[in-house]
Amino acid sequence: EMAYLALRLRREIGDRRGQAQSLNNLGNVANNQADYAAAIACFEKAYNISQRIGDKRGEALALNNLGVAAALQGQHAEASHYYTLALPLQQETSNRLGEAWVYNNLGTISRYEGRYAQAESYFERALTVQRDLRYRKGAGITLNNLAAVFRQQGRFAEAQQLHEEALDVVRQIGYLKGESLVLSQF
């Protein structure tokens, strides 16, 4: 309800960038509720607004979110398409954190499709950026994702080492959701 109020207020004052941000937030809520049609509608509106006002960061965010919505529905090719469009925008705007999340998302799609070498490459790129930024929460998730790739390839010792490193990272920062995720994949 607050997100709808924010959107309404941003419309009233003519804050187009804020409208796109609110639409992305509403889309994320809809994604979390598995209301993918509503999520996609919000993300498409956010993308269109961002494109009209020349907000490349907003475009990249909306494209990444469209990729997430597609991935959650098992539409891997469509998700990859959106992520591939988002990546150069993240790079162009020097949004390194956004770049890392796109790499992570591309790695996840590659892993689901059994393209393990490609997944490993994407996760390593994400991890490099996250470590450069000292973004430990993201690094913990990416380490866990990379461990899953190794486990699926039968590289169990490497997977175990990365799981332990991921667990250490998320515990050090008190990220309980991440700790739960890592423990569920040991």
Side-chain angles (χ1 to χ4, degrees), residues 1-3 6 21-22 24-36 38-39 42-43 57 60-76 79-80 82-83 86-87 90 95-186:
E1 189 171 302
M2 295 300 232
Q21 290 170 346
S22 291
N24 272 309
N25 291 340
L26 287 166
N28 286 331
V29 169
N31 252 354
N32 290 337
Q33 296 172 344
D35 187 353
Y36 303 120
C42 287
F43 298 144
R57 276 191 182 219
L61 176 61
L63 288 167
N64 186 69
N65 287 341
L66 282 162
V68 171
L72 289 170
Q73 296 176 82
Q75 298 169 352
H76 297 158
S80 289
Y82 286 124
Y83 297 146
L87 184 60
Q90 299 287 19
N95 185 355
R96 306 254 354 259
L97 185 57
E99 179 183 348
W101 281 117
V102 173
Y103 281 137
N104 204 332
N105 292 341
L106 284 164
T108 299
I109 295 298
S110 296
R111 181 173 68 91
Y112 288 152
E113 293 180 341
R115 294 181 288 117
Y116 300 122
Q118 186 68 55
E120 183 177 345
S121 175
Y122 282 132
F123 289 140
E124 300 244 353
R125 289 183 210 174
L127 191 57
T128 296
V129 173
Q130 290 161 336
R131 285 180 169 160
D132 285 349
L133 296 174
R134 293 184 171 84
Y135 181 53
R136 298 173 74 199
K137 179 179 175 182
I141 297 301
T142 301
L143 285 164
N144 191 58
N145 289 340
L146 192 53
V149 170
F150 288 170
R151 187 179 62 250
Q152 286 176 304
Q153 294 178 77
R155 297 162 62 184
F156 299 114
E158 291 169 281
Q160 180 68 28
Q161 180 181 351
L162 288 174
H163 274 301
E164 289 172 9
E165 187 177 349
L167 189 58
D168 285 345
V169 168
V170 295
R171 282 183 171 164
Q172 286 171 7
I173 62 172
Y175 181 39
L176 296 177
K177 183 177 179 182
E179 183 175 351
S180 171
L181 178 68
V182 173
L183 288 171
S184 71
Q185 294 186 12
F186 253 94

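What you are looking at is a predicted structure, and each value in this text was computed from that prediction instead of being measured.
- When each of Arg125, Gln130, Glu124 is paired with Thr142, the side-chain hydrogen bond (donor to acceptor under 3.5 Å, both in side chains) condition holds for Gln130 and for no other.
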Q | Audit row: Glu164, Gln160, side-chain hydrogen bond (donor to acceptor under 3.5 Å, both in side chains) steps and yes/no | A | CA-CA 6 Å; Glu164 289 172 9; Gln160 180 68 28; 2.8 Å; yes
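- Leu61 is not listed as a side-chain neighbour of Phe43, based on a closest heavy-atom distance of 4.5 Å or more.
- When all heavy atoms are compared, the tightest approach of Ala79 to Ala70 is N-CB, 3.7 Å.
- Side-chain contact between Gln118 and Glu113: absent, with no pair of heavy atoms (C-beta onward) separated by less than 4.5 Å.
- Between Val170 and Lys137, the closest side-chain pair of non-hydrogen atoms is not below 4.5 Å.
- In this structure the side chain of Arg131 reaches within 4.5 angstrom of the side chain of Leu127, judged on heavy atoms.
- Closest heavy-atom contact between Gln185 and Asn144: OE1-ND2, 3.1 Å.
- The SG atom of Cys42 sits 9.5 Å away from the CG atom of Asn31 when rounded to the nearest 0.5 Å.
- In this structure, Leu162 CG and Leu167 CG are separated by 12.5 Å, a value rounded to the nearest 0.5 Å.
- Within the 4.5 Å cutoff, no side-chain heavy atoms of Phe123 are placed close to those of Leu143.
- Of all heavy-atom pairs between Leu63 and Ala86, the closest is CB-CB, 3.9 Å.
- Within the 4.5 Å cutoff, no side-chain heavy atoms of Tyr82 are placed close to those of Asn105.
- With rounding to the nearest 0.5 Å, the separation of CG in Asp132 from CG in Leu97 is 12.0 Å.
- When all heavy atoms of Ala39 and Ala30 are compared, the closest pair comes out as N-CB, 3.6 Å.
- In this structure, CZ on Arg111 lies 10.0 Å from NE2 on His76, to the nearest 0.5 angstrom.
- Evaluation of the side-chain hydrogen bond (donor to acceptor under 3.5 Å, both in side chains) rule for Arg151 yields His163 as partners, not counting sequence neighbours.
- No donor-acceptor pair closer than 3.5 Å links the side chain of Tyr83 to the backbone N or O of Leu106.
- Annotation for Gln152: atom CD counts as buried by contact number, over 12 foreign heavy atoms lying within 6.0 Å.
- Below 30°, between 30° and 60°, or above 60°: for Tyr135 and Trp101 the angle between ring planes is above 60°, a perpendicular geometry.
- Counting heavy atoms from C-beta on, the side chains of Glu158 and Leu146 never come closer than 4.5 Å.
- In this structure, CG on Asn145 lies 4.5 Å from OG1 on Thr108, to the nearest 0.5 angstrom.
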Q: Step by step, work out the side chain to side chain contact (heavy atoms under 4.5 Å, CB included) result for Val102 and Tyr122.
A: CA-CA 9 Å; Val102 173; Tyr122 282 132; over 6 Å; no
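- The two residues Ala166 and Val182 come nearest to each other via the heavy atoms CB-CG2, 4.0 Å.
- Among residues at least two apart or in separate chains, there is no salt bridge (charged side-chain N to carboxylate O under 4.0 Å, His left out) pair with a member in residues 61-75.
- Once rounded to the nearest 0.5 Å, the distance linking CG of Leu176 with CG of Leu181 reads 12.5 Å.
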